[in-house]
Amino acid sequence: MGALDELFNFTRAQTLVALCGLIPGYWVTVILIDIIGRVTIQLIGFFFMTVFMLALAIPYHHWIQKHNSTGFVVMYALTFFFANVGPNSTTFIVPEEIFPARFRSTCHGISAAAGKAGAIIGAFGFLYAAQDQDKSKADPGYPASIGIKNTLFLLAAVNVLGLLFTFLVPEPNGRSLEEISGEIEECESNKSNPITDQFN
């Protein structure tokens, strides 16, 4: 197989994953996010990402059989579907809602930058971590590593951490930005009381 054929096949597979997983995931989020809430949809996303990562990792040798390649692609697409139902969508929405107005743009920028840094680390980290444990089977130019199966277990563990940290996020659904950030209470505490002020 030539380089162009390989590129075409890779691009076709990624396009199918995007059409079957990514795009529907975003639309499901658009429909459900105001109904079930940001935290709930993020918990659902992390939970099912963990389930599908484990479903790929535990019987990994089953999935690498040639006749199971379609099933692997379906599982892979479902993983991306739930990534977009949950964390991929909420990382853009929640930071805009939970930070106080005077810090919102700065904090949103910091959280967005942290997300992009995590994506870079994840992409390059996966590339290195997924290399075979046998150096002779690793891709040229890469050291031997933990292999794809163990990398999938590692990703499942990262998803569990994301799920647990989601419980620390306040639910902004159905509340005003001022109420979420505590600015209403702050404004009310700073208001002067005309009855008590005349005795001061």
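Taking the six-membered ring for Trp and the full ring otherwise, F124 and Y128 have centroids separated by 6.0 Å or more.
In the hydrophobic clustering of ILVMFWY residues, with side-chain heavy atoms under 4.5 Å counting as a link, I44 and V158 come out apart.
Within the 4.5 Å cutoff, side-chain heavy atoms of Y60 are placed close to those of I148. Between M49 and P87, the closest side-chain pair of non-hydrogen atoms falls below 4.5 Å. Side chains of F81 and V28 form a contact here, defined as non-hydrogen atoms less than 4.5 Å apart. In this structure, the side chains of Y142 and L127 come closer than 4.5 Å at one or more pairs of heavy atoms. Counting only heavy atoms from C-beta outward, the side chains of T50 and F47 never approach each other to under 4.5 Å. Annotation: side chain of I146 is not in contact with side chain of Q131 (no heavy-atom distance under 4.5 Å). Between I58 and F153, the closest side-chain pair of non-hydrogen atoms falls below 4.5 Å. Under the 4.5 Å side-chain criterion, counting only non-hydrogen atoms from C-beta, F167 is in contact with L163.
Between the side chain of T90 and the main chain of V39, no donor-acceptor pair closer than 3.5 Å is present. For the pair T29 (side chain) and V85 (backbone), a donor-acceptor distance under 3.5 Å is present. Within the 3.5 Å criterion, the main-chain N or O of N173 finds a donor-acceptor partner in the side chain of E171. Counting only distance, with no hydrogens or angles, the side chain of N84 and the backbone of Y26 share no donor-acceptor pair below 3.5 Å. Counting only distance, with no hydrogens or angles, the side chain of T91 and the backbone of N88 share a donor-acceptor pair below 3.5 Å.
Put simply, CG on L7 and CZ on R12 are 12.0 Å apart, with the number rounded to the nearest 0.5 Å.
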